K.L.:
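Sharing a structure here in structure tokens format.
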Amino acid sequence: MSRKNNEFYARIWNAVAAIPYGRVASYGQIAELAGIARGARMVGWALGKAPDRMTLPWYRVLNAQGRISIPKGSRVRDEQIRRLTDEGVVVVDGCVDMRRYHWQPDLDELVWGPAAFGDDD
DNA sequence: AACGTGACGAGGA
DNA sequence: ATCCTCGCCACGT
């Protein structure tokens, strides 16, 4: 913040806010959506500084492997698992099945557009 | 200006 | 599959 990059954070938060309920996205994915290629690390950093993290679906952001990146023992990690589970996302040992919950904007549009429902397989 | 840091990611051992 | 190393980007000291 303090710098013009404030807009840069806004984009990240905006991208995070775009993640649909019950779905998850990776840091790298959010970075790209925010226009910051390979800026995955920045996403996590920005989320930590998010002023409105209470209303932001930060918990829907995981690493590319579908694994929660927040260290164990952290109160926040526990909250993330709790919130995801509350949305119907199955979390096992801090891991989520990306094949099932990964948010794919393109596919999402394809699925929700026509008439199908979001549950392949 | 330089070096270290982090809620990352890809690739090699 | 797990562990380690290196590359990335922007920030903090």
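None of these values were measured; they are calculated from a predicted model. The sequence lines fix the lettering, A, B, ..., with proteins before strands; numbering per chain opens at 1.
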K.L.:
Please state how far atom CZ in A:Arg11 lies from atom C1' in C:dA10, giving the value in whole angstrom units.
P.N.:
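For the pair A:Arg11 CZ and C:dA10 C1', the rounded distance is 15 Å.
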K.L.:
Is the count of non-hydrogen atoms from other residues, nucleotides or ligands lying under 6.0 Å from A:Arg77 atom CZ greater than 12?
P.N.:
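Correct, the count exceeds 12.
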K.L.:
Within this structure, what is the CZ-CG distance for the pair A:Arg23 and A:Leu84, rounded to the nearest 0.5 Å?
P.N.:
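A:Arg23 CZ to A:Leu84 CG: 13.5 Å, rounded to 0.5 Å.
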K.L.:
Just the rounded figure in Å: distance from P of C:dG7 to CZ of A:Arg41.
P.N.:
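In whole Å, C:dG7 P lies 13 Å from A:Arg41 CZ.
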K.L.:
Rounding to an integer number of Å, can you tell me how far A:Arg38 CZ sits from B:dG9 C1'?
P.N.:
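Atom-to-atom, A:Arg38 to B:dG9, this comes out as 11 Å.
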K.L.:
What is the distance, to the nearest angstrom, from the CD atom on A:Glu79 to the P atom on B:dA7?
P.N.:
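Nearest whole value for this atom pair: 16 Å.
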K.L.:
Does a side-chain N or O of A:Lys49 approach OP1 or OP2 of C:dG12 to a distance below 4.0 Å, or not?
P.N.:
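Checking A:Lys49 against C:dG12: at least one side-chain N or O falls below 4.0 Å of OP1 or OP2.
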K.L.:
Between A:Ile36 and A:Arg11, does a side chain to side chain contact (heavy atoms under 4.5 Å, CB included) hold up when you go through it step by step?
P.N.:
CA-CA 9 Å; A:Ile36 314 165; A:Arg11 300 186 102 184; 5.9 Å; no
K.L.:
Same cluster for A:Ile81 and A:Val92 if Ile/Leu/Val/Met/Phe/Trp/Tyr side chains link at under 4.5 Å?
P.N.:
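Shared cluster, yes.
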K.L.:
Report the C-alpha separation of A:Tyr101 and A:Val90 in whole Å, then their side-chain angles, then the decisive distance to 0.1 Å, and conclude whether the side chain to side chain contact (heavy atoms under 4.5 Å, CB included) test is met.
P.N.:
CA-CA 9 Å; A:Tyr101 303 106; A:Val90 179; 3.3 Å; yes
K.L.:
In whole Å, I'd like the distance from the CE atom of A:Met42 to the P atom of C:dC11.
P.N.:
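Rounded to whole Å, this separation is 6 Å.
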K.L.:
Is there any protein nitrogen or oxygen under 3.5 Å from a nitrogen or oxygen in nucleotides 3-5 of chain C, and what are the pairs?
P.N.:
none

K.L.:
Could you walk me through whether A:Trp58 and A:Val76 pass side chain to side chain contact (heavy atoms under 4.5 Å, CB included), step by step?
P.N.:
CA-CA 10 Å; A:Trp58 54 270; A:Val76 186; 3.6 Å; yes
K.L.:
With sequence neighbours left out, write down each residue that passes salt bridge (Lys or Arg N to Asp or Glu O under 4.0 Å) with A:Asp97, or none if nothing qualifies.
P.N.:
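Partners of A:Asp97 under the salt bridge (Lys or Arg N to Asp or Glu O under 4.0 Å) test: A:Arg99.
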K.L.:
In Å, rounded to the nearest 0.5 Å, how long is the span from CG of A:Asn63 to CE of A:Met98?
P.N.:
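These two atoms lie 7.5 Å from each other.
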K.L.:
Find every protein N or O atom lying less than 3.5 Å from an N or O atom of nucleotides 10-13 of chain B, and list the pairs.
P.N.:
none

K.L.:
Could you tell me how far apart A:Trp45 (CH2) and B:dG6 (P) are, to the nearest whole angstrom?
P.N.:
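Atom-to-atom, A:Trp45 to B:dG6, this comes out as 12 Å.
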K.L.:
At less than 4.0 Å, is any side-chain N or O atom of A:Tyr59 found next to OP1 or OP2 of B:dA7? Yes or no.
P.N.:
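No, A:Tyr59 has no side-chain N/O under 4.0 Å of OP1/OP2 on B:dA7.
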K.L.:
Please check this pair: side chain of A:Trp13 against backbone of A:Ala46, looking for a donor-acceptor N/O pair closer than 3.5 Å.
P.N.:
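Between the backbone of A:Ala46 and the side chain of A:Trp13 there is a qualifying donor-acceptor contact (under 3.5 Å).
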K.L.:
Using atom types as modelled, flag every donor-acceptor pair under 3.5 Å from a side chain in residues 24-35 of chain A to any protein atom, sequence neighbours excluded.
P.N.:
unit_1, atom_1, unit_2, atom_2, d
A:Ser26, OG, A:Gln29, N, 3.1
A:Gln29, OE1, A:Ser26, N, 3.4
A:Gln29, OE1, A:His102, NE2, 2.7
A:Gln29, NE2, A:Trp103, O, 2.8

K.L.:
Among B:dA7, C:dG12, C:dA10, which is the nearest nucleotide to the side chain of A:Pro71?
P.N.:
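Ranking B:dA7, C:dG12, C:dA10 by closest atom to the A:Pro71 side chain puts B:dA7 first.
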K.L.:
Can you pull the salt bridge (charged side-chain N to carboxylate O under 4.0 Å, His left out) pairs that have at least one residue in residues 84-94 of chain A, sequence neighbours excluded?
P.N.:
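Qualifying pairs, neighbours excluded: A:Arg60-A:Glu87, A:Lys72-A:Asp93.
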K.L.:
For A:Leu47 and C:dA10, give me the distance from atom CG to atom P, rounded to whole Å.
P.N.:
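That distance rounds to 16 Å.
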K.L.:
Among residues 26-33 of chain A, which ones have heavy-atom contacts with DNA chain B below 4.0 Å?
P.N.:
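Correct list: A:Ser26, A:Tyr27, A:Gly28.
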K.L.:
What's the CZ-C1' distance between A:Arg67 and C:dA1, to the nearest Å?
P.N.:
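Going from CZ in A:Arg67 over to C1' in C:dA1 covers 13 Å.
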